[in-house]
Peer 1: 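Okay, handing you the structure first.
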Amino acid sequence: MAATPKAAAPATLMPLLIHLLRGASDLASVSATHAKLLKLGADASVASSNHLLAAYCRCGSTAPARRLFDGMPDRNVVSWTALMSGYASAGRPRAAVALLRAMVLSGVAPNAFTFSTAASACARLADAGLGRQVHACAEVAGYACDNVVATALVDMYGKAGSVRDARAMFDAMPATARNIVSWASMLSVYAQNALGHDAIQLFAELRSNGEDMAPNHFILSSVVSACAGVGRLGIGRCLHGMVLRHGHEDNDVVAVALVDMYSKCGCYEYSKKVFDNIKQPSVISYTSIIVATAKYGLGRCALALFSDMVDRGVQPNSVTLLGVLHACSHSGLVDIGLHLLHSMRSKYGIDPCASHYTCAVDMLGRAGQLEEAFELANEARLDGNDDLLLWSSLLSSCRNHKRLDLATKAGKKVSEFSQDVAGALVVMSNAYASAGQADDAAAVWSNMRQRSIRKDPGCSWIEIKDVPYVFYAGVASPAGARADDVMLLLDELETKMREKGYKGRIGGARVLDADEEVDEDHHDEGKGVMVGVHSEMLTLGFGLLVIPKGMIIRVMKNLRMCCGCHEAFKLISDIMEREFVVRDLNRFHHFRRGSCSCN
DNA sequence: CTAGGGTTAG
């Protein structure tokens with residue numbers, strides 16, 4: 001019996017169909033091909049429909065894909081997976097995961113492609129619960145040991161914040177199954193979850209037993225960003241070298257990670273150099289250099305970069321505008337900042353959100369325009385945690401400007417929240433303490449103790465020959481930190497500083513005047529809050545001892561640097577004729593010749 | 001038909 005033309009058609013049309021669809025990246029040409037196919041009267045085989053389905057999904061058109069899918073008399077695992085992947089990449093991950101259940105119910109067995117797609121949809125949702133269900137299904141179906149599925153699950157657990165599960169998944173993979181993507185995924189899990197030290201350590205493992213796996217741009221960008229997070233300049237520089245050796249310097253993502261790393265390690269000049277080498281900076285490239293410039297207190301310079309960006313036709317996003325506001329805030333450009341806040345919708349089509357308002361309120365507060373700050377805070381009409389953050393920041397400003405009346409108002413607002421308010425309460429306590437109301441300060445502390453609220457301990461660290469040394473206030477120094485020599489040096493410095501009119505103390509216990517690093521053991525009921533030597537001071541002392549003259553001493557801190565230490569650092573830079581860069585929670589201080597870049 | 005990277009106030 002001769003083959004009917006209808007049966008022959010798909011076989012002959014298939015290569016043509018694939019060719020046409022491969023070049024079709026927009027809805028118009030995919031539907032044109034679809035129409036042509038229908039006109040030819042070719043019977044829609046499952047394979048050709050799947051190709052069409054995938055083409056619709058590639059150009060992000062899930063609606064026609066869905067219509068096609070619904071009209072298919074037969075659907076195989078490829079049809080289901082193609083549609084699932086279409087939903088996931090079109091920003092509808094929930095619908096994608098729902099398809100997994102539907103396909104099982106309709107009697108089609110998922111394969112490795114299906115499970116990895118489903119896992120990646122759960123990653124987009126950052127939903128570990130749903131992800132765990134997908135993991136269990138994959139396990140039962142025998143696909144959890146497939147290396148692509150396992151890697152997708154590593155990524156899913158990481159994006160959902162379950163770092164331990166991600167690592168367990170990674171560890172369960174046989175060493176031979178771990179390829180460059182598996183390593184890159186695990187590294188990015190650490191980097192994205194602020195576990196820079198773990199990322200750096202895992203990278204070292206990859207280097208020592210990953211044989212022939214040369215680090216690619218995915219790995220380099222993750223590890224560079226891990227260095228940025230923990231301020232490891234030494235490793236960061238070494239990675240920059242690898243980037244150049246492996247020819248990844250033109251990769252935009254790697255470049256951004258380097259800009260960010262240098263800026264967070266206190267090397268603004270290097271950040272700028274890397275940025276200037278980017279041929280066509282993206283929004284993110286511009287944003288990262290604007291944020292870096294802002295953190296360095298170069299507000300005008302940040303604004304110039306911003307207008308440069310707009311002139312070049314690069315559309316700012318919400319993060320960019322936050323960076324620009326931040327720049328205004330830290331350089332006292334209040335009017336420009338407010339104008340930006342109020343014109344961002346009309347000029348750039350971006351609605352100000354909680355972070356923009358908080359930044360603007362902080363800007364007003366910093367400038368001492370506290371009444372205006374209150375007004376804006378009320379105008380913002382935020383809710384929940386956003387509102388708490390905004391009022392806590394305003395409370396800080398009131399305290400910094402010694403406006404106890406307004407601080408009480410803001411403090412009342414803050415205490416209405418039943419959430420973790422440790423930071424805000426410390427600020428409140430210090431507001432009282434600096435206003436000389438030690439009893440009220442002590443009352444806040446005992447209230448905190450009763451509610452068993454604790455604050456993260458402050459710590460500072462420094463990198464010596466690629467080894468980090470971490471110091472805590474009032475706690476034994478790390479091994480090799482020469483604690484006695486450090487204390488001796490600090491005492492000597494204090495004497496010299498006295499001669500220059502310094503009134504504070506750096507060597508012994510004293511009244512706390514900063515909103516951080518409270519060592520409760522030193523707390524003396526009713527007499528004010530006492531602390532030992534601040535961690536940044538210990539770290540600087542150690543740095544002065546071991547880092548040769550002429551080299552910049554780089555100190556990192558997990559909280560904000562306190563005013564007392566800030567003053568002392570300025571004097572010490574003059575006395576010792578040294579330069580230091582301190583990176584604290586949110587900015588840089590470059591000390592040299594008795595002054596600081598932050599003014 | 002499948003897995004991975006960068007910027008975010010206080």
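Chain letters run A, B, ... following the sequence lines, proteins first and then strands; every chain starts at 1.
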Peer 1: Can you name the ring-ring contact (aromatic ring centres under 6.0 Å, His included) partners of A:Phe218, sequence neighbours left out?
Peer 2: none

Peer 1: Can you measure A:Met213 atom CE to B:dG4 atom C1' for me and round it to whole angstrom units?
Peer 2: 13 Å

Peer 1: Ignoring hydrogens and angles, are the base of B:dT2 and the side chain of A:Ser116 linked by a donor-acceptor pair under 3.5 Å?
Peer 2: yes

Peer 1: Which nucleotide in the list B:dC1, B:dG5, B:dA9 gets nearest to the side chain of A:Phe113?
Peer 2: B:dC1

Peer 1: What nucleic acid atoms does A:Arg366 come within less than 4.0 Å of, heavy atoms only: base, sugar-phosphate, or nothing?
Peer 2: sugar-phosphate

Peer 1: Using ring-ring contact (aromatic ring centres under 6.0 Å, His included) as the criterion, list what pairs up with A:His240, not counting sequence neighbours.
Peer 2: A:Tyr262

Peer 1: State whether the distance check finds a donor on one side and an acceptor on the other, under 3.5 Å, for side chain A:Asn216 versus base B:dG5.
Peer 2: no

Peer 1: Do A:Phe218 and the base of B:dG4 stack face to face, with centres under 5.5 Å apart and an angle between planes under 30°?
Peer 2: yes

Peer 1: Of the nucleotides B:dG5, B:dC1, B:dA9, which one has an atom closest to the side chain of A:His51?
Peer 2: B:dC1

Peer 1: Could you tell me whether A:Lys273 sits above the aromatic face of A:Tyr270, with NZ or CZ closer than 6.0 angstrom to the six-membered ring centre and within 45 degrees of the axis?
Peer 2: yes

Peer 1: May I ask you to say what A:Asn251 touches in the nucleic acid, namely base, sugar-phosphate or nothing, with a heavy-atom cut-off under 4.0 Å?
Peer 2: base

Peer 1: Near DNA chain B, under 4.0 Å by heavy atom, which residues of residues 320-333 of chain A?
Peer 2: A:Leu322, A:His326, A:His330

Peer 1: Checking all strands, does A:Ser282 fall into the base, sugar-phosphate, or nothing category for heavy-atom contacts under 4.0 angstrom?
Peer 2: base

Peer 1: Identify the two heavy atoms, one from A:Ala152 and one from A:Ser116, that lie closest to each other, and give their separation to 0.1 Å.
Peer 2: CB-O, 3.8 Å

Peer 1: At less than 4.0 Å, is any side-chain N or O atom of A:Gln192 found next to OP1 or OP2 of B:dG4? Yes or no.
Peer 2: no

Peer 1: Measure from the side chain of A:Thr117, starting at C-beta and using heavy atoms only, and say which of B:dG5, B:dC1, B:dT2 lies closest.
Peer 2: B:dT2

Peer 1: Using whole Å, report how far NE2 of A:His246 lies from C1' of B:dG5.
Peer 2: 17 Å

Peer 1: Within the 4.0 Å heavy-atom criterion, would you say A:Asp146 contacts the bases, only the backbone, or no part of the nucleic acid?
Peer 2: nothing

Peer 1: Out of B:dA9, B:dG4, B:dC1, which nucleotide sits closest to the side chain of A:Val78?
Peer 2: B:dC1

Peer 1: Identify, with sequence neighbours excluded, every residue that meets ring-ring contact (aromatic ring centres under 6.0 Å, His included) alongside A:Tyr190.
Peer 2: none

Peer 1: Rounded to the nearest angstrom, tell me the gap between atom CD1 in A:Ile350 and atom P in B:dT7.
Peer 2: 18 Å

Peer 1: Picking from B:dG6, B:dG4, B:dT2, which would you name as closest to the side chain of A:Val148?
Peer 2: B:dT2

Peer 1: B:dA9, B:dT7, B:dA3: which one has an atom nearest the side-chain heavy atoms of A:Asn317?
Peer 2: B:dT7

Peer 1: Closer than 4.0 Å, any side-chain N/O of A:Lys159 to the OP1 or OP2 of B:dG5?
Peer 2: yes

Peer 1: NA contact type, A:Thr358, heavy-atom cut-off 4.0 Å: base, sugar-phosphate, or nothing?
Peer 2: base

Peer 1: Provide, to the nearest angstrom, the distance between the OH atom belonging to A:Tyr286 and the P atom belonging to B:dG6.
Peer 2: 22 Å

Peer 1: Quickly work out the A:Met173 CE to B:dA3 P distance and round it to whole Å.
Peer 2: 15 Å

Peer 1: Counting side-chain heavy atoms from CB outward, which of B:dC1, B:dG5, B:dT7 is closest to A:Val254?
Peer 2: B:dG5

Peer 1: Distance check: side-chain N/O of A:Lys264 vs OP1/OP2 of B:dG6, anything under 4.0 Å?
Peer 2: no

Peer 1: Select one nucleotide: of B:dT7, B:dC1, B:dA3, the one nearest the side-chain heavy atoms of A:Val319.
Peer 2: B:dT7

Peer 1: For the side chain of A:Asn147 and the base of B:dA3, is some donor closer than 3.5 Å to an acceptor across the two?
Peer 2: no

Peer 1: Does any donor-acceptor pair link the side chain of A:Asp252 with the base of B:dG6 at a separation under 3.5 Å?
Peer 2: yes

Peer 1: Classify the ring geometry between A:His248 and A:His217 as parallel (under 30°), tilted (30 to 60°) or perpendicular (over 60°).
Peer 2: tilted

Peer 1: Just to be sure I understand the rule, does A:Ser355 reach a base, reach only the sugar-phosphate, or reach nothing, if contact means heavy atoms closer than 4.0 Å?
Peer 2: base

Peer 1: Go through the steps to decide whether A:Lys557 and A:Asp584 satisfy the test salt bridge (Lys or Arg N to Asp or Glu O under 4.0 Å), and finish with yes or no.
Peer 2: CA-CA 5 Å; A:Lys557 178 164 188 192; A:Asp584 72 9; over 6 Å; no

Peer 1: Apply ring-ring contact (aromatic ring centres under 6.0 Å, His included) to A:Tyr56 and list each qualifying residue two or more places apart in sequence or on a separate chain.
Peer 2: A:His34

Peer 1: Please report the shortest heavy-atom distance between A:Arg312 and A:Tyr286, naming the atom on each side.
Peer 2: CD-OH, 3.3 Å

Peer 1: Taking CD1 from A:Ile180 and C1' from B:dG4, how many angstroms apart are they, rounded to a whole number?
Peer 2: 10 Å

Peer 1: Expressed in angstrom and rounded to an integer, what is the separation of A:Leu305 atom CG from B:dT7 atom C1'?
Peer 2: 14 Å

Peer 1: Could I get the full list of side chain to side chain contact (heavy atoms under 4.5 Å, CB included) partners for A:Asp155, not counting sequence neighbours?
Peer 2: A:Ala123, A:Lys159

Peer 1: Look at all strands and tell whether A:Ala150 reaches a base, only sugar-phosphate, or nothing, counting heavy atoms closer than 4.0 Å.
Peer 2: nothing

Peer 1: Kindly point out which of B:dC1, B:dG6, B:dG4 is positioned nearest to the side chain of A:Ser85?
Peer 2: B:dC1

Peer 1: Measure from OH on A:Tyr357 to C1' on B:dT8 and round the result to the nearest Å.
Peer 2: 18 Å

Peer 1: Compare the minimum distances between each of B:dG6, B:dG4, B:dT2 and the side chain of A:Asp155, then state the nucleotide with the smallest one.
Peer 2: B:dG4

